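The analysis underlying the following values was restricted to heavy atoms, covering all of them including side chains, and did not include hydrogens, waters or symmetry mates. Computed from a prediction, not measured in an experiment: that's the story for all the values here. In the text below, chain A, chain B and the rest are named by the order of the sequence lines, each starting its count at 1.
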Number of protein chains: 2
Amino acid sequence: MTRVLVVDDDSVLLRTLRINLRARGHEVLLAATGAQAVATFFAEQPELVILDLGLPDLDGIEVLKRLRERSEVPVIVLSARQHADDKVEALDEGADDYVSKPFSMDEFLARVRAALRRASAEAEAPETFTAAGLQLDFVNHHATRDSEPLHLTPTEWRVLAELAKHHGRVVSHEDLLRTVWGPSYGREHHYLRVFANQIRRKIELDPSQPRHLINEPGLGYRLQQ
Amino acid sequence: MTRVLVVDDDSVLLRTLRINLRARGHEVLLAATGAQAVATFFAEQPELVILDLGLPDLDGIEVLKRLRERSEVPVIVLSARQHADDKVEALDEGADDYVSKPFSMDEFLARVRAALRRASAEAEAPETFTAAGLQLDFVNHHATRDSEPLHLTPTEWRVLAELAKHHGRVVSHEDLLRTVWGPSYGREHHYLRVFANQIRRKIELDPSQPRHLINEPGLGYRLQQ
DNA sequence: ATCGATCTTTACGGGTTCCTTACCCGCCGA
DNA sequence: TCGGCGGGTAAGGAACCCGTAAAGATCGAT
């Protein structure tokens, strides 16, 4: 019973997608132009957007940017174009998945399921993180190290919140950068080095021997309890 | 929406298959000879191959072998021959399904749907690999040998992930190199020797007698459970 | 306008990882 | 017996990644 917005100017494909998505139990909203898509999205707030890059008025990428200004909704991009540039650009701007036309309906529906699964998993952010002597309260933005209050800056909070959401697991550089700084910052790895260092100086007993904020070389960072 | 390559020298059957596949929404590529089939396949990379065993130049089995050297594409074999030998041989060489002529179009289309469904299901990479005493967790990038944590480098993870995706089967040198190092590294076989050695020293009980990371001389490597 | 806090950007050193080369062996056909 | 081939092993230097410090840039509050 999730609501899906499908944006495409090809009426045949639109119809096919509507039939298949309805058969899977989704409510389907349609838009044939970029302007209509943006308007419908903010009016109806669907849980998922299927977005064709080839639109008559706005560029699909432009639609994606406008959605991302105010929403984290999962977006699956469709494109007939072969160039890898489109793919990179779309994913950088915050698309969750990219499907090249032609595609199989089974594959498409699998990607829809995957996108919705990821979105629902992300919805539940933890409110606190506690480890030996360390406490982080993400609701009140209040942190203590051995009952001593410690001050974290806004960006430090966002980094820690993202890591706490997946605590114990590696969060890749790209994921971390995209959720904290924005979809187009996936390659600015040096930000992370600076902030990891700063955060460790605050939350770790021995910052040179971190026990909580762990680096996995070449992969990303992990918040350990 | 998927692209299907149909290989047959019978122009009547070719026409029938094209009409029916198009009616089901597939894009159809045609080949009348084995050589043409192989060339078209690697040029166009369709999602499914329909292959008649009776061809004027190459044997159909030979075409299948050439496809399997570099691709896991689902292949449905057609044959007028009655002998069970053909069926066994085709399936042994990696065909996904076998249809004897004459066949009903409904049955044929059902098998096409099934093959495509399996293929899209398999596209998702496995999250873990477990064998006697060895555990690889590709999500958290965490590996243990007899409950002892062991450290793998990013490239070692990528090699193992690719092998685990097809565990039990041989992955060719070319495929491994291309997915791990990039499309232009298909000939740098020496990378693999070095990394296979390094990985064995970590995951194998006796690296000189590997039980998991197996070499198939002249073909590639296989990850054995 | 000035100041302080925060974020961005740059630079450098050390450690790890990767690439490259060289040499070894066993197998096989000439 | 000899190369040739494919694979395993070892080692050094290059490239890369990370931690660290510190200097600009930005912004809001005073």
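Of the candidates dG7(D), dG19(D), dC7(C), the closest approach to any side-chain atom of Y221(B) belongs to dG7(D). Nearest to the side chain of T155(B), among dT20(D), dC7(C), dC18(C), sits dC18(C). Each of dT9(D), dC18(D), dG7(D) was ranked by its minimum atom distance to the side chain of H173(A); first place goes to dC18(D).
The side-chain heavy atoms of F138(A) and L160(A), taken from C-beta on, include a pair separated by under 4.5 Å.
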*What do the steps show when you test H142(B) against Q135(B) for side chain to side chain donor-acceptor pair (under 3.5 Å), and what is the final call?*
CA-CA 8 Å; H142(B) 188 261; Q135(B) 264 193 306; over 6 Å; no

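In this structure, CZ of R193(A) is placed 8 Å from P of dG19(D), rounded to the nearest angstrom. Going from atom CD of E216(B) over to atom C1' of dG7(D) covers 13 Å, rounded to whole Å. We find that NE2 of H189(A) is positioned 16 Å from C1' of dG19(D), with the value rounded to whole Å. In this entry the distance linking CG of N215(A) with C1' of dG15(C) reads 12 Å, nearest Å.
The aromatic rings of Y191(A) and Y185(A) lie tilted to each other, with the angle between the two planes from 30° to 60°.
Interatomic distance, CG of L134(B) versus CZ of R211(B), reported as 11.0 Å (0.5 Å rounding).
Applying the side chain to side chain contact (heavy atoms under 4.5 Å, CB included) test between V49(A) and each of L29(A), I76(A), V7(A) identifies V7(A) as the sole match.
Each end of the helix from dA1(C)-dT30(D) to dA30(C)-dT1(D) gets its own axis, taken as the rotation carrying the C1' atoms of four end pairs onto the next four within a five-pair window, and the two axes meet at 30° to the nearest 10 degrees.
Residues from residues 194-205 of chain B that place a heavy atom under 4.0 Å from any atom of DNA chain C, listed by number: V194(B), F195(B).
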